Amino acid sequence: MDIQSAQIQHIPAVAALEREIFSDPWPEDMLLRMRERITVAAEGASVVGYLVFSTVLDEGSVDNVAVAPAYRRRGVAGLLLSDAIRRAREDGLSLLTLEVRASNAPAAALYEGYGFREVGRRRDYYEKPREDAILMTLVL
């Protein structure tokens, strides 16, 4: 498994995963514009997961994490998350935040395993279906 910065050729595969996994996917043209914020997990020529990361001042945000269904529970999300945390520390960020669907217990457990803690809730944040977001933070 190779973790790398997204290149233009990765974006169609990232967009396909986005459409497969999420009920309200980000469009391919938007993903292309934010390519420098995307890290991909590749196995050979195939993109099997990705993470979108952004920063504002000294705070980082994990904006999206996705893993192809056939590659789940194989450590792909953990590799992507570890890489994001490493980069955040190298960049001197003070914390990382993320949101997770209230019903997504496996993802919340993964994030907790990396030190993220629940700090709040955004009511009705997600659509399709409407659901709360659990806010989680990792203090670096």
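Quick caveat: nothing in here was measured; it's all calculated off a predicted structure.
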Return the set of residues passing side chain to side chain contact (heavy atoms under 4.5 Å, CB included) with L79 (not counting sequence neighbours), or none when no residue passes.
M1, I3

So, do V100 and M136 sit near enough that their side-chain heavy atoms are less than 4.5 Å apart?
yes

Considering residues at least two apart in sequence or located in another chain, which fulfil the side-chain hydrogen bond (donor to acceptor under 3.5 Å, both in side chains) criterion with S46?
none

Filter on side-chain hydrogen bond (donor to acceptor under 3.5 Å, both in side chains), then keep only pairs touching residues 66-77, sequence neighbours left out; what's left?
E43-Y71

So, using salt bridge (charged side-chain N to carboxylate O under 4.0 Å, His left out) as the criterion, who are the partners of R101 when residues are at least two apart?
E131

Under the salt bridge (charged side-chain N to carboxylate O under 4.0 Å, His left out) test, residues paired with D29 that sit two or more places apart
R33

Using distance alone, with no hydrogens and no angle criterion, decide if S5 and R35 have a side-chain donor and acceptor under 3.5 Å apart.
no

With N104 via side-chain hydrogen bond (donor to acceptor under 3.5 Å, both in side chains) - residues at least two apart
none

Throw together a table of side-chain donor-acceptor distances under 3.5 angstrom for residues 106-114, partners on residues two or more places apart or in other chains.
from, atom 1, to, atom 2, distance (Å)
Y114, OH, G78, O, 3.4

Please report the closest heavy-atom contact between T97 and T137, naming both atoms and the distance.
CG2-OG1, 3.5 Å

Starting from V52, can I reach V56 by hopping between I/L/V/M/F/W/Y residues whose side chains sit under 4.5 Å apart?
no

Nearest 0.5 angstrom please: Y125 OH to L135 CG, how far?
8.5 Å

L140: which residues meet the side chain to side chain contact (heavy atoms under 4.5 Å, CB included) condition with it, sequence neighbours left out?
I85, A88, R89, L93, L96, L138

Residue list, salt bridge (charged side-chain N to carboxylate O under 4.0 Å, His left out) with R122, at least two apart or on another chain:
E99

Residues at least two apart in sequence or cross-chain that pass salt bridge (charged side-chain N to carboxylate O under 4.0 Å, His left out) with E90, listed by chain then number, are R86

Closest contact, heavy atoms only, L31 versus I11
O-CD1, 3.9 Å

Closest contact, heavy atoms only, V76 versus A41
CG1-CB, 3.6 Å

By side-chain hydrogen bond (donor to acceptor under 3.5 Å, both in side chains) - contacts of N64 (at least two apart):
E18

For D63, side-chain hydrogen bond (donor to acceptor under 3.5 Å, both in side chains) partners two or more places apart:
R37, S54, S61

